[in-house]
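For reference, the structure discussed in these notes is given below.
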2 protein chains.
Amino acid sequence: MNIGQAAEASGVSAKMIRYYESIGLIPKTVRTEAGYRVYSDKDVHTLRFIRRARDLGFSVEQIADLVSLWQDRGRASKDVKRVALEHVETLERKIAELQEMAGTLKHLARTCHGDGRPDCPIIEELASDAGSVTSRPPPKFGTLGKISVRE
Amino acid sequence: MNIGQAAEASGVSAKMIRYYESIGLIPKTVRTEAGYRVYSDKDVHTLRFIRRARDLGFSVEQIADLVSLWQDRGRASKDVKRVALEHVETLERKIAELQEMAGTLKHLARTCHGDGRPDCPIIEELASDAGSVTSRPPPKFGTLGKISVRE
DNA sequence: GCTTGACCTTCCCATCATGGGAAGGATCAC
DNA sequence: GTGATCCTTCCCATGATGGGAAGGTCAAGC
């Protein structure tokens, strides 16, 4: 099977399959004489595993752990559980951070007329001289990076 | 005031101040003869405004809107409110997405012994042949990008 | 006046996962 | 054999941020 079919079957784009190969997440495939990558059903299975883990928000690094645990038949389930629960914690920290942003904004928006007049508590809060706009200001040297909410 | 002092006073790093200037979010500053950027208290005020908006998760693009609304004394508060509420919606979509991931994982983790034995529902779910791991699979051609949960 | 350290400048690189696209070769269906 | 569709590699872009190098500037202390 060529890369396009493997992509179709696994839900991982051809571009990403090549990328995963380049960073060593998946091994280099067999090639045809012409240099085309060739995939087996087993490879597709692995790719699907990876896609599911991505859908759950695991980083490529964590996925590498998960894949090797998956392929280690003697693994201890606690090792898998640990990876999963650590990720849950990360997710929950992010959720809390986003919720604080959304909460602050909703509160400000509630107090804003939202009509044709110029006075607006939202702008005023952003422009205020006081410390921080969030209740717990993001620690300058904290462990949490900026949250990305790009679409 | 030099860039370092402006950074200190505003909470925006010197690196980011230069970046914001380079992309046109803030205007080019006056320079000393030696080429050093010079900032006024008003500039610092603007930078602090920007930092607060960043803390609330607004993108640089949205911040550009907010800054120009801020500086437009005749703005309609509804224009500010719209930007804010659109961002709240984005935040809430992200929150829901992260919550779904966390929920799925917590459920799987609950059913995993987490001991020395190898059998693990988490891995099994990732490796399963069924469709998607999340209840509503991320639409392949949807409007929502991948969620970033990097730290 | 000269040295030293702290500051500033620009420029390039890295992140992380992903896609776009170009240039060129391979394969396949007709 | 020809055109369409695939594949290859390579480079670039995203978004906000930091790291760091190479070199210029400035102020304080001697």
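Here is how names work: the chains are called A, B, and so on, in the same order as the sequence lines, proteins then strands, and each is numbered from 1. What's counted below: heavy atoms across the whole structure, side chains too, no hydrogens, waters or symmetry copies.
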Tell me the interatomic distance from [X], atom [atom1], to [N], atom [atom2], rounded to whole angstroms.
{"X": "B/Met1", "N": "C/dC7", "atom1": "CE", "atom2": "P", "answer": "16 Å"}
{"X": "B/Tyr20", "N": "D/dT17", "atom1": "OH", "atom2": "C1'", "answer": "9 Å"}
{"X": "A/Tyr39", "N": "D/dC7", "atom1": "OH", "atom2": "C1'", "answer": "11 Å"}
{"X": "B/Ile3", "N": "D/dG18", "atom1": "CD1", "atom2": "C1'", "answer": "14 Å"}
{"X": "B/Asp55", "N": "D/dA16", "atom1": "CG", "atom2": "P", "answer": "14 Å"}
{"X": "A/Tyr36", "N": "D/dC6", "atom1": "OH", "atom2": "P", "answer": "11 Å"}
{"X": "B/Glu33", "N": "D/dT25", "atom1": "CD", "atom2": "P", "answer": "11 Å"}
{"X": "B/Glu61", "N": "D/dT14", "atom1": "CD", "atom2": "P", "answer": "12 Å"}

Notebook entry, point to check: Have B/Ser40 and B/Asp43 got a donor and an acceptor in their side chains that come within less than 3.5 Å?
Noted result: yes

Charged N to carboxylate O below 4.0 Å: is that the case for [X] and [Y]?
{"X": "B/Arg93", "Y": "B/Glu86", "value": "no"}
{"X": "A/Glu89", "Y": "A/Lys94", "value": "no"}
{"X": "A/Asp79", "Y": "A/Arg82", "value": "yes"}
{"X": "B/Lys28", "Y": "B/Glu21", "value": "no"}

Next item on the list: Determine the contact category for A/Thr32: base if any of its heavy atoms lies under 4.0 Å from a base atom, sugar-phosphate if only primed atoms, P, OP1 or OP2 are that close, otherwise nothing.
Entry: nothing

Closest nucleotide among [options] to the [X] side chain:
{"X": "B/Ala34", "options": "C/dA17, D/dC7, D/dT25", "result": "D/dT25"}
{"X": "A/Tyr19", "options": "C/dA26, C/dA17, D/dT17", "result": "C/dA17"}
{"X": "A/Met16", "options": "D/dT17, C/dG25, C/dT18", "result": "C/dT18"}
{"X": "B/Ser13", "options": "C/dT27, D/dG18, D/dA16", "result": "D/dG18"}

Polar pairs (N or O, both sides) under 3.5 Å between protein and nucleotides 10-14 of chain C?
unit_1 : atom_1 : unit_2  : atom_2 : d
C/dT10 : OP1    : B/Arg31 : NH1    : 3.3
C/dT10 : OP1    : B/Arg31 : NH2    : 3.0
C/dT10 : OP2    : B/Arg37 : NH1    : 3.0
C/dT10 : OP2    : B/Arg37 : NH2    : 2.8

Note to self: Check the orientation of B/Trp70 and B/His45. Use parallel for under 30°, tilted for 30 to 60°, and perpendicular for over 60°.
What the structure shows: perpendicular

Item checked: Intermediate values then yes/no, side chain to side chain contact (heavy atoms under 4.5 Å, CB included), A/Val67 and A/Phe49 -> CA-CA 8 Å; A/Val67 168; A/Phe49 181 99; 3.7 Å; yes

